[in-house]
Amino acid sequence: MNKLTWYGHATLGLETDGYKLLVDPFFTDNPAASTTAEAVDADFILISHGHGDHVGDTVAIVERTGAGVISNFEIANWFGAQGVEKIHPQHLGGGFQHPFGYLKLTLALHGSALPDGSYGGNPAGFLLTTNDGKKIYMAQDTGLFGDMQLIGDEGIDLAVIPIGDNFTMGPDDALRAVKFLRPKAVIPIHYNTWDLIAQNPVSWADKVQIETQAKVVVLAAGESFEF
Ligand code: NI
Ligand code: MN
């Protein structure tokens, strides 16, 4: 059994095979956060790109939990320079068998500058094959791209995709993304954090249910989905 929790914005928790993962842990200054950086636990932290709303509270959580950080080469080493001891750099298209599953970094159409202006490499999404064989695609921040069809060819059990518009795909492109990805279930993220990315996830879900085979799971911040 795998459990994915949406903490608001693009912040995710994933429990799989006894491991606790955090993805883009942004709690402090996140008006949508359902909990705090002090209250979460992690064995591994995955960072999709360098923007402040994704790097978030990583260093503080690592200092408290001793979690390892997995990201692209540039961001992993940026955390290493700040004293994070357990870093694992990967890069786009590359996969690695971690204790919690096989994690591949995927293409994302976005930026990746780090909060201090450092170069953050290229932004990524995550394709995780869990130890019990489930495939989870966490797109994180991206615009629509045609190669989502290639990701869909892998057979996606759960896709987590942005719908907020302005910085990422909006609802219409996110619907097209579901058609490319063909997931069994899809969870929308990266919306309603600020007015700039206000969306109605229920009306989006209605359209997706009509036009695709995917089951749409609209979570409130703090809610979980088991699969
Ligand atoms: Ni971003
Ligand atoms: Mn973002």
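Both counts, for ligands and for their atoms, begin at 1 and track the order of listing.
Remark: Gln97 CD is packed, more than 12 non-hydrogen atoms of other residues, nucleotides or ligands lying under 6.0 Å away.
Distances from the Mn ion (ligand 2) show that His110 has no N/O/S atom below 2.8 Å. Checking Asp141 against the Mn ion (ligand 2), an N/O/S atom falls under the 2.8 Å cut-off. Put simply, His190 gets within reach of the Mn ion (ligand 2), with an N, O or S atom under 2.8 Å from it.
Nearest to the Ni ion (ligand 1), among the N, O or S atoms that His51 has, is ND1. Within Asp53, the N, O or S atom lying nearest to the Mn ion (ligand 2) carries the name OD2. Nearest N/O/S atom of Asp141 with respect to the Ni ion (ligand 1) is recorded as OD2.
Rounding to 10 degrees gives 100° for the angle at the Ni ion (ligand 1) between NE2 of His49 and NE2 of His110.
Ring planes of His98 and His88: perpendicular class, angle over 60° (limits at 30 and 60°). Under the 30°/60° scheme for interplanar angles, the aromatic rings of Phe225 and Phe227 are found to lie parallel. The aromatic rings of His190 and His9 sit tilted relative to each other, their planes meeting at an angle between 30° and 60°.
Side-chain atoms of His91 and Glu74 form a donor-acceptor pair, as typed in the model, at a separation below 3.5 Å.
Between Lys20 and Asp43 no salt bridge is recorded (no basic side-chain N to carboxylate O distance below 4.0 Å).
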